[in-house]
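Structure, as structure tokens:
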Amino acid sequence: MGISIEEARERYRIEREKRLRPDGIRQYKELKGLYEEFDRDPYVEPGFTRDAVVEDTEVVIVGGGFGGMLAAAELTKKGITDYRLVEKAGDFGGTWYWNRYPNAACDVESYVYLPLLEETGYMPTEKYAKAPEIFAYCQMFGRHFDMYPHALFQTEVEAMEWDQSRQRWVVQTSRGDRLSTRYVIIAGGVLHKAKLPGIPGIENYKGRAFHTSRWDYSFTGGSSQGKMDKLANLRVGIIGTGATAVQVVPKLAESAKELYVFQRTAACVGARNNKPTDPEWFKSLKPGWQAERLRNFTMAITGAQPQVDLVDDEWTKMLWHDTKKMPENDEEAAELERIDFENMERIRRRIEDSIDDPHTAELLKPWYGQNCKRPCFHDEYLPAFNRPNVHLVDTDGRGVDQITENGPVVEGIEYPVDLLVFASGFEVTTTYTHRLGFDPKGRQGVSLSEAWSEGPATLHGILARGFPNMFMISTVQGAQATNFVHSISEIVKHVAHVVERCHRENVVEIEPAVDAQEQWFQTLFEKLWGVARYNSTCTPGYLNSEGGGDMKSARAIAWMTSVLGFAEHVEAWRAEGNMVGLETVRS
Ligand code: NDP
């Protein structure tokens, strides 16, 4: 028997309040510093060295994930090939370099997720491609646009300073490089800085432990798709039940002797229905198909309801109505709440139908609105809990109480494990410079963190006053979308346009005017209300800054409605042609 909307509303409130905590985003710890080896790159041979590079170049790109790669591709297409790309990892790929955990896969359709498929000529093998294929695509992308000779891998930017006398940035790296450059493009990632839960005693654990983005196959055996044979006689614990855990749990379940899943908040898991790509269908697609499909998908999941639903999956079904929009009146508010409730009831019924034990089924039910956490889609996650070796340890919203040298403790019970996996996510709402890992120094040696001490200030999220020629690709006052690559692509298009104009017109300094930055913030702020209203009823998570946030963090908001709106806005700005709001110095 289902429950009423009123009962659900009350249940949502209770579950939210259980989880609110005064330390908010400060509850997490960084990988670095807790255990040094947590942040080690397990995918490269130790001992890499190379000579330092000292050079002068037109552009330095920071980051070799989709943001940095797309920036390099766009610049190349515009004839700007004098660039360097600095990347911490041992190869291109960003999130797909780091996230090699078992079963990792793209959670949105690969035909709209993988960028520039028409240009590279690549056909994804499945509707939802798996991580090794996406990583291989990133490498192919790098080769296609001839990016490898430009890349400095296993290298981190340590400092970046504006040299006014030469009107250039000087970038210094962990390998002693000194890169002097006209323009910098910082594509530091969106979900790239892994975090650990600040559970008391976490540092005391004596077994093997790692974060999902640093999977150690030398310990588990197997590979991203194969069974992890070295776990056959081992007890494994996993902390977290978000989008990552939903993918990992089924593989751990079939590999480990015993698996303990520590749950704070249940995931919302809809059907996946993956299938191989039909080559005939793929061949039949007409030029321009990808841009059209991308647009169509984003319309379908932001309530714009296109005439045809091209992607036609659970994302588009679930988000066909934008239940987090600002309602016009009480009737619309009630209607949006009803739609949201019914979608979540469908998810809850799916759990009842999938789980044999009714008590476990109850514990796995999510009690929050459909936009409170990123929805997950998976066909093997729920059935994994029917296996006798899989144990759900629900913490009733509190999280794991403590970790001893043997393993996690919940309600006084210690769960000894041989391997502890942290599927605890990534920093999203910490400050921009903290996530970057360096603090650019602009005019008069003022750092970005000082300049943004009251919160970020930018034009279009890409340029900040006091930091000439420094372009950012991020969600901070930029675009955001469920399909990250869509928002990143729109930002990159915009950045590449401005960089090319500057390059062509001998602009040696470019930065926004103060009032243009303020106006941009007002434009973003007006779009915040629907989401803010919705989030205020949500259980904590990275989408609502763990249920907290202040005015400073509020200034980091992205364009909260559809990325298509952001794209139209900046396209219109570009079409005007006179770079309104930007101040320039020409040589
Ligand atoms: P999340 O931040 O979504 O999940 C972290 C999990 O850790 C949550 O379940 C959280 O619980 C739990 N947790 C945190 N602290 C504790 C604690 N003290 N005790 C117990 N549990 C705790 O991280 P993910 O890595 O799962 O996903 C991050 C994002 O990465 C996704 O939202 C998605 O955007 C992206 N992603 C994309 C994929 C793709 O295919 N494109 C695949 C996987 C991830 P609580 O909910 O209560 O905070």
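In this text, all values refer to a predicted model and were calculated from it rather than measured experimentally. Read the numbers this way: they start at 1 and go in the same order the structure lists the ligands and their atoms. Each residue takes its place number in the sequence, starting with 1.
No N or O atom of W96 sits closer than 3.5 Å to an N or O atom of ligand 1. Of the polar atoms of T265, at least one N or O is found under 3.5 Å from an N or O of ligand 1, judged by distance alone.
Using a 4.0 Å cut-off between heavy atoms, F377 makes no contact with ligand 1 at all.
When the options D216, V236, L234 are evaluated for a side-chain contact (heavy atoms from CB on, under 4.5 Å) with L419, the one that passes is V236.
Sulfur atoms SG of C268 and C376 are positioned 2.5 Å or more apart.
In this structure, the side chain to side chain contact (heavy atoms under 4.5 Å, CB included) partners of K325, at least two apart in sequence or on a different chain, are D322, E332, L336. Applying the side chain to side chain contact (heavy atoms under 4.5 Å, CB included) test to Q480 and every residue at least two apart in sequence or in another chain returns T475, A558, M560.
Salt-bridge formation is not detected for the pair D396/R19: no Lys NZ or Arg NE/NH1/NH2 atom is positioned less than 4.0 Å from an Asp or Glu carboxylate oxygen.
Taking each of G541, G240, C376 in turn, the one with a heavy atom nearest to atom 7 (O) of ligand 1 proves to be G240. Summarising the contacts of atom 25 (O) of ligand 1 with V108, T244, T482, the nearest heavy atom is found in T244.
Contact atoms of ligand 1 toward S424: 5 (C), 7 (O) (distance under 4.0 Å to a heavy atom of the residue). Close approach to Y101 involves these atoms of ligand 1, each under 4.0 Å from a residue heavy atom: 42 (C), 43 (C). Proximity to A243 (heavy-atom distance under 4.0 Å) selects the following atoms of ligand 1: 26 (O), 31 (C), 43 (C), 44 (C).
Using cut-offs of 30° and 60° on the angle between ring planes, the pair Y113 and W96 is perpendicular.
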